[in-house]
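To keep things clear, I will list the structure first and then write my remarks on it.
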Amino acid sequence: MVIREIKETELSELLALYTHLHELGVPENSEHLQNTWSEICHDVNHHIIVCEVDGKLVSSCICVIVPNLTRNIRPYALIENVVTHADYRGKGYATACLNHAKELAVKADCYKMMLLTGSKTESTLSFYQRAGYNCTDKTAFIQWL
């Protein structure tokens, strides 16, 4: 197992992994997709963390470091798109990705990390609690656009 940040050449592998998240398929290759990918890859605060096993991307999460003017001007981290390929679940790969994200957040002097999940599955919620997250400190609201 290797935990690292994604390479710019691995977009297709990441998109295939996302089909195990909630995506119904891989988006068409387009100028918009390529521009968005380039923007993500060149943003120093945007980290796509992957777990590679035997040359295959099997798990990933995103950690975005957000500059902030409160909390003594300390940033915070947002975690998104936590996913593991269905054939590789339960082996600690997503936990390893989240641990790497935490290392990045600590290094950036973040005062907190936040993630949202749409899952109501007890095993998923327990997974996040075991990873150190709680659902009692804040209330999340979402407005879909």
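Because the structure is a prediction, the values reported are computed rather than measured.
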- Task: Check V83 against S59 and note the closest heavy-atom contact, atom names and distance.
- Result: O-OG, 2.9 Å

- Which atom names give the shortest non-hydrogen contact between A131 and L98, and what distance separates them? CB-CD1, 4.0 Å

- Message: Suppose the criterion is ring pair (Phe, Tyr, Trp, His ring centres under 6.0 Å): which pairs have a residue in residues 106-137, not counting sequence neighbours?
- Response: none

- Message: Using the rule that Ile, Leu, Val, Met, Phe, Trp and Tyr join whenever any side-chain heavy atoms are under 4.5 Å apart, tell me whether V82 and M113 fall into a single cluster.
- Response: yes

- Flag if over 12 foreign heavy atoms under 6.0 Å of CG, D87: yes

- Go through the steps to decide whether M1 and V58 satisfy the test side chain to side chain contact (heavy atoms under 4.5 Å, CB included), and finish with yes or no. CA-CA 10 Å; M1 166 176 63; V58 300; over 6 Å; no

- Message: Is it the case that the side chain of H32 and the backbone of N29 share a donor-acceptor pair, with hydrogens and angles ignored and the cut-off at 3.5 Å?
- Response: no

- Min side-chain heavy-atom separation S60-L14 under 4.5 Å: yes

- Item | R71 side chain reached by K112 side chain, heavy atoms, under 4.5 Å | no

- Task: Any pair with a residue in residues 27-52 that passes salt bridge (Lys or Arg N to Asp or Glu O under 4.0 Å), sequence neighbours left out, goes on the list, sorted by first then second residue, please.
- Result: R4-E52

- Message: Would you say that V64 contacts E80 through its side chain, given a criterion of any heavy-atom pair below 4.5 Å between the two side chains?
- Response: no

- Query: Is there a side-chain contact between C63 and I79, using heavy atoms and a 4.5 Å cut-off?
  - Reply: yes

- Message: What's the separation between atom CD1 in I6 and atom SG in C41, rounded to the nearest 0.5 Å?
- Response: 7.5 Å

- Just jot down the side-chain contact (heavy atoms from CB on, under 4.5 Å) partners of I40, sequence neighbours excluded, or say none. T36, H46, I48

- Quick one: are N99 and I3 in side-chain contact, heavy atoms under 4.5 Å? no

- Query: Can you name the residues that form a side-chain contact (heavy atoms from CB on, under 4.5 Å) with S123, not counting sequence neighbours?
  - Reply: T121

- Item | Under the salt bridge (Lys or Arg N to Asp or Glu O under 4.0 Å) test, residues paired with D109 that sit two or more places apart | R74

- Message: With heavy-atom distances below 4.5 Å as the criterion, would you say the side chains of N45 and P67 are in contact?
- Response: yes

- Query: Is L69 atom CG crowded by more than 12 heavy atoms from other residues, nucleotides or ligands, each under 6.0 Å away?
  - Reply: no

- Query: Can you tell if the side chain of V50 reaches within under 4.5 Å of the side chain of L17, non-hydrogen atoms only?
  - Reply: no

- Item | side chain to side chain contact (heavy atoms under 4.5 Å, CB included) between E13 and K56, worked out | CA-CA 8 Å; E13 292 90 336; K56 178 178 178 149; over 6 Å; no

Show every donor-acceptor pair shorter than 3.5 Å between a side-chain atom in residues 88-97 and any protein atom, with sequence neighbours excluded, or say none if there are none.
| from | atom 1 | to | atom 2 | distance (Å) |
| --- | --- | --- | --- | --- |
| R89 | NE | T84 | O | 2.9 |
| R89 | NH2 | H20 | O | 2.9 |
| R89 | NH2 | T84 | O | 2.9 |

